[in-house]
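Please read the structure below before turning to the comments.
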Amino acid sequence: MENRGTIFTKYLRDPLTICRVLVLILLSSGTLLAAEETVAIDTGTTAWMLTSTALVLLMVPGLAMFYGGLVRTKNVLGTMMHSFAAMGIIGVLWVVLGYSMSFGKGVLGGWCGWNPDYFLLRGIDDVIMECGVPEYVFAMFQGKFAIITPALIAGAFAERVSFRGYCLYIVLWSILIYNPLCHWVWASDGWIFNLGADGAIDFAGGTVVHISAGVSGLVAAFYLGCRRGYPSTAMHPNNLVMTLMGAGLLWVGWFGFNAGSAVSSGLDTARALTVTQVAAAAGATAWLIIEAVHLGKATTLGLVSGILAGLVVITPAAGVVKPAGAIVLGMSASLVCYLGLFLKEKMGYDDSLDAFGIHGVAGIFGALALVFFIRESWMQEAAAGFGGSWSVAQQLLVQFQAVAATILYSVVVSGILIVVVEKTVGFRLSENAEKSGMDHTLHGEHGYGLINLN
Amino acid sequence: MENRGTIFTKYLRDPLTICRVLVLILLSSGTLLAAEETVAIDTGTTAWMLTSTALVLLMVPGLAMFYGGLVRTKNVLGTMMHSFAAMGIIGVLWVVLGYSMSFGKGVLGGWCGWNPDYFLLRGIDDVIMECGVPEYVFAMFQGKFAIITPALIAGAFAERVSFRGYCLYIVLWSILIYNPLCHWVWASDGWIFNLGADGAIDFAGGTVVHISAGVSGLVAAFYLGCRRGYPSTAMHPNNLVMTLMGAGLLWVGWFGFNAGSAVSSGLDTARALTVTQVAAAAGATAWLIIEAVHLGKATTLGLVSGILAGLVVITPAAGVVKPAGAIVLGMSASLVCYLGLFLKEKMGYDDSLDAFGIHGVAGIFGALALVFFIRESWMQEAAAGFGGSWSVAQQLLVQFQAVAATILYSVVVSGILIVVVEKTVGFRLSENAEKSGMDHTLHGEHGYGLINLN
Amino acid sequence: MENRGTIFTKYLRDPLTICRVLVLILLSSGTLLAAEETVAIDTGTTAWMLTSTALVLLMVPGLAMFYGGLVRTKNVLGTMMHSFAAMGIIGVLWVVLGYSMSFGKGVLGGWCGWNPDYFLLRGIDDVIMECGVPEYVFAMFQGKFAIITPALIAGAFAERVSFRGYCLYIVLWSILIYNPLCHWVWASDGWIFNLGADGAIDFAGGTVVHISAGVSGLVAAFYLGCRRGYPSTAMHPNNLVMTLMGAGLLWVGWFGFNAGSAVSSGLDTARALTVTQVAAAAGATAWLIIEAVHLGKATTLGLVSGILAGLVVITPAAGVVKPAGAIVLGMSASLVCYLGLFLKEKMGYDDSLDAFGIHGVAGIFGALALVFFIRESWMQEAAAGFGGSWSVAQQLLVQFQAVAATILYSVVVSGILIVVVEKTVGFRLSENAEKSGMDHTLHGEHGYGLINLN
Amino acid sequence: MQLVTAIIQPDKLDEVREELVVAGITRITTSRVTGHGQHQDQHDSERLYRGQKVMPNLLPKVRIDIACNDKFVDIAIEAILRSAKHGDGRIGDGKIFVTELKRCIRIRTDESGSQAI
Amino acid sequence: MQLVTAIIQPDKLDEVREELVVAGITRITTSRVTGHGQHQDQHDSERLYRGQKVMPNLLPKVRIDIACNDKFVDIAIEAILRSAKHGDGRIGDGKIFVTELKRCIRIRTDESGSQAI
Amino acid sequence: MQLVTAIIQPDKLDEVREELVVAGITRITTSRVTGHGQHQDQHDSERLYRGQKVMPNLLPKVRIDIACNDKFVDIAIEAILRSAKHGDGRIGDGKIFVTELKRCIRIRTDESGSQAI
Ligand SMILES: Nc1ncnc2c1ncn2[C@@H]1O[C@H](COP(=O)(O)OP(=O)(O)O)[C@@H](O)[C@H]1O
Ligand SMILES: Nc1ncnc2c1ncn2[C@@H]1O[C@H](COP(=O)(O)OP(=O)(O)O)[C@@H](O)[C@H]1O
Ligand SMILES: Nc1ncnc2c1ncn2[C@@H]1O[C@H](COP(=O)(O)OP(=O)(O)O)[C@@H](O)[C@H]1O
């Protein structure tokens, strides 16, 4: 019994709400044999985690709208398909092996996890985690992160990749990059989870989600090259109105993303929600001001970029900073990203929708800068568990290690993957296909019938 | 006291979480007299049911967007109005008599229910159900199902019906088809609820919602005839981008639809949410693959059709299957629906937006095929309550009866209703009105001012 | 201890669920010293309040879509920016001083509140309110109301104001109008909160949100004048389809707005949700019928106006009326607003998107008319606390006082603000800028690239 | 060869197209335009704005371009006149313009002149 | 009868329309087009893309078609030239093309020729 | 001066534009139109509707207008013929129409005639 119980024992993502998993084992005879300690369901926490799962899923159409609005008309469906296809493909992949590779016990020297009981989620049909939430909910919540991350990358190589290549790429990327990273950072035996005094701080996916997606996108943008005509030809967004709508859904969904990552419905959750709201507002306001000062007029695209920058920067930090810190982080994230966009212009690579420019840059910045805004109590606890002392500088080093490892690993493996995809099924579209547009070439449809007389 | 208590006693939809209703009666003198057993509110379950209610409502604009994007530009508003009008009209009708007819004690030989206390929900102002949720919430949650079901039908006769005819039709349809069916399947004394060992399995509305809407739509498509020019003239979707957005909202909302149907916030809820997510992803993936193999390119409309097929197929099954079963069901639903669309082409009827093709077909398929994937424990419990043995074949027969009854009843009554509506206020648009478009003729507006210079 | 405890003591908005706040004070030494009475977190209530917060935020993009769809193509982004900028700017402002001014102890003779601990929410990092919800959540929930209110006003002066002027205006409006009003109506020591037997009834913001926004908008519409060409030139909505989508999101979000205002997850919440749903449906149905009778055809814009009228009218009343009352209120709100629009036509002012016509009119009507539908038990309780008798007429007087005070205060201060803004940074756009459109002039973008060849 | 350009009401597009096809004219090009007639505004009763009748002045129209050989010009014009009217003719029903076409070339085959129409 | 076709900047549409009406020309047809001028790209400073000035090359324009009797042609052209310029004239301000109109027919009344304009 | 109007398939727009620029023609105006060819419907294999091939009849096209001086007319036409074909020419590839242009005026400078083209 004890043994079987500990198989399910693991640490959840928020170190403050460590939940051990216990089991109500339903023996095959049908008799209910309670484990030594039966965990009661906490309907409130479960309710919030169910809601969070729905909210994070809402981010995927939100992202499709955000990205879809920014490309040219001829590529709008193809671009939205990148998000929607991830919903389907990664949605299946996650229950087949993603959850096991991410949250199973470390195998292959800790490179990834594995737990045969997690295959098709067979073994968790009756499991209630110690925080009172059925493990199914946790698995689904996490699955949404696995879905949105590859969809984020797609912004870096928008308007120029084949659908078949993209599908293969995200399958491989999810298996070889996302799942291992997720294991390192969030599994109780992941090496990044155990760095330093109390692990690297990555509350809701600064490294796992945003940095990994951002730098993978950057690699892809370099390898696949620019869109035809970039940057001399203007490529106007086909639907900034939809981009705004998408940004709205992303903001709302992000409450699930961050506050759900507390895997609780209490103080930690409230804190995460609060700083998420505050950082997003601060990012938006800052970008407005920067543009007003620098360009003389504030753009809507700037506003939504600021929202995103604020949301990304607070993602790793949502468990440890206070509102004042969130304002500073959100505002500086906008500034850093704004400056970063000039770098892109200088360097000439075509990170079409700024997957790296926002997610990569704000993600890296946030994962490092958060150390200056950590709640006292967290530092004290960390110190307490580490022989009495733990400094901001030490935590910065830990964060730096986590970020560097994520970048290095993503760059290398992502680079290999792109070459493999390009050499096998093909990744970059042919010149003619690109000129004709993805919607026509890849999907045989067009997005807006309304623009032509029916 | 006892008597008054039992008036409210009824079985909720999920046999596993049977909730009896008790009452806190607030006497007119203002003194609070507790019933024998006072039910405390479960704030967690209530929170999830409130959320589910909001999520199911979200499906209605989602459906409006889904359908609205698929018609021609001149009918976009008229088509969206079908969903929005249902929000208004059925929203009122439900509190007037829908809830009473559905969840009251059986009257007229069990044809429908009735409970005078449910008229305008007068009698449930203080009622807490045994599961700890105020009955108001349950009534509102159920009301959303009553709203979306007639709106689903509208896909079968899109672009060619009068608004006045539609409004009359859904009022009659709701009263004469939805409410009785709902009573049969989900009321504790409904005959389908009591079929076989543990009732027909219809977790969240395979029969009540999808089959009834699908076959009613089919009947209407036959009776009203094709749109002018169908099938020789192409009728391109005016806004596939919006259809994608709508599909996203439908997926998110379906978590409320299915997981909310557990009327709990625990293991059953988690299971329902999980298989919903998995089946939708599997359906989407399968349709992508089928099209890629069969047509050489995957379409966005195919992807969203796959999502819907997966969501519909899992609706009746969400309480009893495991993730592996959900994958199989989701994938095969896409295949079955895909093949079904060829049938439509052969037969030549104009189920314009595939209300039958998706909801009818996947609904029927799911209600039957689920028996092969039922969780062991469910079968054991069913057997336990039925003298020790209960087989898959027996349950299949039960499911078949439920499906056949739903189809038969819907076809007959729906057929009569359509004739009645057509002969009284008129249902099918005149030729000229259809050519001019519903937006212009019926509503005096057009959907997209943006396509013309302002 | 006692003292520090009472600093946080305050009454929440719903008189029926008065929550006193207690504190878990985390001393700087890191030792946890419990206050006399430790309040446990209610995970269920917290879950619903978190969800409500997300739902109310969803209303802001919903409003952006609603308003954005109604203006001309050249102003679509500029109009949506009014909502999105409020998300950013007021989002920051609220944590800096809004929460303190609204919910702090009354200062300046009760004109507004102030509590130094609320500055940047510094003092509530560990506070659990007596209802079991972390105060952070309450602060964020309330913050969303502060965001959406100025965004509502923007409907009155759409298509003709400068962005810079708008930003300044909402900052001042929020500080000088919203925060004081919020304090008067919802703080435990607010004067309107303490009128009569049990205070003025304003469950979720009839006065604070809708009346204040509506009349401020009216003042602005008068002062700023009509759009060029109004009313002789037609100004067609650029995207009624998006307006419908926005209305859908608003309805869904309003569940958070109203049911969240119960700050509970129980019977009051359920009641608020129910009447919200019913009133919206009734409003929509009524407007459909009115137009069908009066104009011969029902419009989509009419339908969504009816939805809004129903939602607005029930906002102050959601805590005290029953479903039957909600039907009557919803339907009569549509009638009143419909008639009101003729008045506008007569008077010739240009309340472009009917910010006053819907929010002002239905808000005022609702705040007064609700007295005729108050739940018995509420009146009895009020009487009990007021020496045994309290009549509808007395409550009507109280409501009248609250409404009159709100109108008076809003009109005067709002009038001054507009003049100040116009004279400093400028409010009304120049003639040329207005002709060219806000998107081009103010933001250098256009909303729909898709309408031109890319 | 001449180019017949008709500006019609959008709700008449399907009828005009059918009438043209019946008259043997199957090749046309259409587009959305917005029109501005002198007095029509006051008479347009179709647009409702929150229950209030408004006076629009830039109204959606459809433009149809038909390149045809000389003998088909009158056939095309008559087909349009037959089908584009609301009742006996209502203000806003539209206009037909005819211009001379110097050359016409079919891209697929490079052939030109009247057989390329 | 001649057909005056002007391609102008979208932000000037309202001004041009007003100037035309003042000049007595109330019947026009407009549509959205996208234009491509030789050197204008480098000078367009209006489009901002995430804070970065980009060089667009297919720019939104508005097309105005005016069928008018011969004596109104110059009036129309002058009205456009007056109202469509940004300041003293900026690159991208547009073009006016004039073609011969052979026939003009009012659909409502079937009348044709110059009184149908 | 003449006005060359080409109706082409939308997916060829970029190629045609590039070919025109190469041929020295940089000023064009384009717009979205919808086309209707006699037999093309049966052959269009591009539109898929829920996995079912449908027979569209009003198909999206792009219209390109080029005002050019007489000696550039053939250059423009040839550039289009070169670049707008799918393979060796497929049904639906489009048409080119040429009309006489009487006047051309540059709004910015008021200059007119062939130097204003
Ligand atoms: N002289 C003209 N030049 C350009 N377009 C015209 C002209 N006359 C009419 N039109 C177009 O035809 C449409 C319908 O015209 P209509 O109102 O029927 O003409 P009329 O006022 O002469 O009866 C107008 O909206 C406009 O688009
Ligand atoms: N020769 C031409 N043929 C077709 N369209 C033209 C021509 N010249 C100009 N245009 C249209 O007019 C618009 C504005 O032209 P503009 O840049 O002002 O002309 P220019 O470069 O000659 O000063 C262009 O975007 C294009 O749409
Ligand atoms: N005679 C015509 N008048 C107007 N437009 C035409 C004509 N012929 C062709 N077009 C336009 O050109 C497009 C492509 O024509 P296409 O099918 O290639 O011509 P064809 O059938 O003669 O080979 C059509 O969709 C239509 O928009």
Identify which part of B:V76 has an atom lying under 4.5 Å from any heavy atom of chain C, answering side chain, backbone, both or neither.
side chain
Top contributor to chain B contacts, counting heavy-atom pairs under 4.5 Å, from C:L303, C:V241, C:L249:
C:V241
Contact class of B:M49 relative to chain C, heavy atoms under 4.5 angstrom:
neither
For the pair C:R72 and C:E159, find out whether any cationic side-chain nitrogen is under 4.0 Å from an anionic carboxylate oxygen.
yes
Please flag which part of C:T51 lies under 4.5 Å from any non-hydrogen atom of chain B: side chain, backbone, both or neither.
side chain
Scored by heavy-atom pairs under 4.5 Å with chain B, the best of C:R375, C:M242, C:M331 is C:R375
Between B:Y166 and B:H82, does the ring centroid distance fall short of 6.0 Å?
yes
Tell me if a side-chain donor or acceptor on B:T269 pairs with a main-chain N or O of B:A259 at a distance below 3.5 Å.
no
Residue selection (most heavy-atom pairs with chain C, distance under 4.5 Å) from B:G91, B:G88, B:G44
B:G88
Is C:N239 in contact with chain B via its backbone, its side chain, both, or neither, using a 4.5 Å heavy-atom distance?
both
C:Y67 backbone acceptor or donor facing C:T79 side chain under 3.5 Å:
no
Decide, yes or no, whether a salt bridge links C:R271 with B:D125 under the criterion of side-chain N to carboxylate O below 4.0 Å.
yes
Under a 4.5 Å cutoff for heavy-atom pairs, which residue among B:G78, B:C167, B:A47, B:A64 has the most contacts with chain C?
B:A47
Taking C:E445 for the side chain and C:H440 for the main chain, is one N or O donor matched with an acceptor at less than 3.5 Å?
no
Counting only non-hydrogen atoms closer than 4.5 Å, does B:L442 touch chain C with its backbone (N, CA, C, O), its side chain (CB onward), both, or neither?
backbone
Between C:I289 and chain B, which part of the residue has a heavy atom less than 4.5 Å away: side chain, backbone, both or neither?
neither
Let me know if C:A284 has heavy atoms under 4.5 Å from chain B in its side chain, its backbone, both or neither.
side chain
If you measure from CE on C:M65 to CG on C:L70, what distance do you get to the nearest 0.5 Å?
12.0 Å
Side chain, backbone, both or neither of B:L55 within contact of chain C (heavy atoms, under 4.5 Å):
neither
Go through the atoms of C:L244 and report whether side chain, backbone, both or neither lie under 4.5 Å from a heavy atom of chain B.
both
Picking from B:F163, B:W48, B:F84, B:W94, which has the most non-hydrogen pairs under 4.5 angstrom with chain C?
B:F84
Using heavy-atom distances under 4.5 Å, tell me whether C:A280 contacts chain B through its side chain, its backbone, both, or neither.
neither
Flag, side chain of B:K74 to backbone of B:D439, donor-acceptor distance under 3.5 Å
no
Where on B:M87 is there a heavy atom nearer than 4.5 Å to chain C: the side chain, the backbone, both, or neither?
both
Report yes if some heavy atom in the side chain of C:E291 is under 4.5 Å from a heavy atom in the side chain of C:T299; otherwise report no.
yes
Mark yes or no for whether C:N258, through its side chain, and C:L273, through its backbone, hold a donor-acceptor pair below 3.5 Å.
no
Any B:Y99 side-chain heavy atom under 4.5 Å of B:L121 side chain:
yes
In terms of heavy-atom pairs under 4.5 Å with chain C, which of B:I41, B:V96, B:V137, B:L57 leads?
B:L57
